[in-house]
Amino acid sequence: IKKVGVLTSGGDSPGMNAAIRSVVRTCAYHNIECIGIYRGYQGMIEGDFKEMGPRSVNNIVNKGGTILKSARSTEFRTPEGRKRAHEHLVKAGIDALVVIGGDGTFTGGLIFNNEFDFPVMGIPGTIDNDIFGTSHTLGYDTALNTVVDVIDKIRDTASSHNRLFFVEVMGRDAGHIALNAGIGAGAEEILIPEEDLGLERLLESLQKSKASGKSSSIVVIAEGDKIGKNVFELKDYVEANLPEYDVRVSVLGHMQRGGSPSCFDRVLASRLGVKAVESLLEGKSSYMVGLQSDKVTLTPLEQAIKGKTEIDRELLRVSDIMST
Ligand code: F6P
């Protein structure tokens with residue numbers, strides 16, 4: 001391996017820049033070249049490349065977003081798109097790729113590897129934490145801290161006005177953000193796709209909490225929750241059935257994807273970048289680097305894509321006990 005291309009693709013997440021920095025500097029450390037590929041696979045198709053040395057990643061370890069920009073490329077899903085991308089890589093002398101993103105990014109990387117026998121290494125970057133083979137994806141820890149911070153602020157109003165707040169958080173089809181940030185922020189109930197609480201039980205729980213002397217409550221709901229009502233319909237439903245509650249809704253949205261990465265995400269990004277490049281140099285390909293029991297590990301990309309990250313059910317019990 002003489003020249004590594006690095007890209008970020010899919011939804012951005014805090015820590016992606018720290019991972020780019022790590023890949024670039026690990027390449028420099030081992031005296032190999034590194035090329036930044038802009039706008040994910042779309043930039044690969046268009047040959048939107050830039051040489052990157054250790055000084056081109058100064059002052060980004062603390063920055064959210066991605067300096068390489070990101071995109072979800074539909075053209076890369078076609079054989080013609082991938083062929084064009086391959087031609088650009090060959091022309092630029094790039095002989096291996098590090099792709100930073102979520103399962104869509106890994107799926108693209110794996111198909112590309114299978115078609116052209118091109119070495120690919122994945123770094124999991126998404127706030128959703130929905131990738132198999134790592135306890136943490138880049139950006140997840142930062143997103144949790146952001147959500148907790150915001151709910152702390154919402155709690156001030158909830159308690160001043162004796163209100164019930166429904167706070168909707170991101171996570172796509174996974175409830176990791178909701179469950180962990182919900183416990184961290186002291187939520188009364190946490191609604192996640194992995195566990196259908198049901199409308200009746202939600203009402204019962206809210207009634208119980210009122211009866212126990214609580215005057216305000218926070219309910220965290222994952223965007224992918226399957227309770228059958230969206231967060232605004234839930235507000236109407238609760239107000240209709242429990243008129244004693246004054247309900248407000250807060251949809252946190254993309255603020256969860258932004259901001260300076262936490263120390264945890266910066267360290268994780270640095271470790272994963274080193275492992276990704278050094279694994280390529282050892283001749284490995286089609287793996288995702290991840291964190292398992294605080295060790296940096298390799299998981300075949302195929303497993304990372306197909307495997308399911310279970311939620312920790314003990315956390316549901318802890319959440320129940322905490323809302324007593
Ligand atoms: O995968 C990250 C994520 O922020 C999800 O939590 C969310 O469902 C989705 O991306 C939003 O995508 P977009 O930024 O394209 O609206």
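Start at 1 and go down the list; that is how both ligands and their atoms are numbered.
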Original post:
Under 6.0 Å from the CD atom of E51, do we count more than 12 heavy atoms belonging to anything else shown?
Top reply: no

Original post:
For atom 9 (C) of ligand 1, which protein heavy atom lies nearest, and how many Å away is it?
Top reply: R172 NH2, 3.7 Å

Original post:
Which protein non-hydrogen atom lies closest to atom 2 (C) of ligand 1, naming both residue and atom, and how far is it?
Top reply: D128 OD2, 3.3 Å

Original post:
So which protein heavy atom does atom 15 (O) of ligand 1 come closest to, and at what separation?
Top reply: R72 NH1, 2.5 Å

Subject >> Identity and separation of the nearest protein heavy atom to atom 4 (O) of ligand 1 >> reply: R257 NH1, 2.7 Å

Original post:
Under 4.0 Å between a Lys/Arg side-chain N and an Asp/Glu carboxylate O for E302 and K306?
Top reply: yes

**OP:** Looking only at protein heavy atoms, identify the closest one to atom 16 (O) of ligand 1 and say how far it is in Å.
**Re:** H254 NE2, 3.4 Å

Original post:
Between K83 and E87, is there a salt bridge with N-O shorter than 4.0 Å?
Top reply: yes

**OP:** To the nearest 0.5 angstrom, please state how far the CZ atom of F166 sits from the CG atom of L202.
**Re:** 5.0 Å

Original post:
Nearest protein heavy atom to atom 7 (C) of ligand 1, by residue and atom, and its distance?
Top reply: E223 OE2, 3.2 Å

**OP:** Can you establish whether the number of heavy atoms outside K2 located under 6.0 Å from its atom NZ is more than 12?
**Re:** no

**OP:** Compute the shortest N/O to N/O distance between G171 and ligand 1 and return yes if it is under 3.5 Å, no if not.
**Re:** yes

Original post:
How are the rings of F116 and H86 set relative to one another: parallel (under 30°), tilted (30 to 60°) or perpendicular (over 60°)?
Top reply: parallel

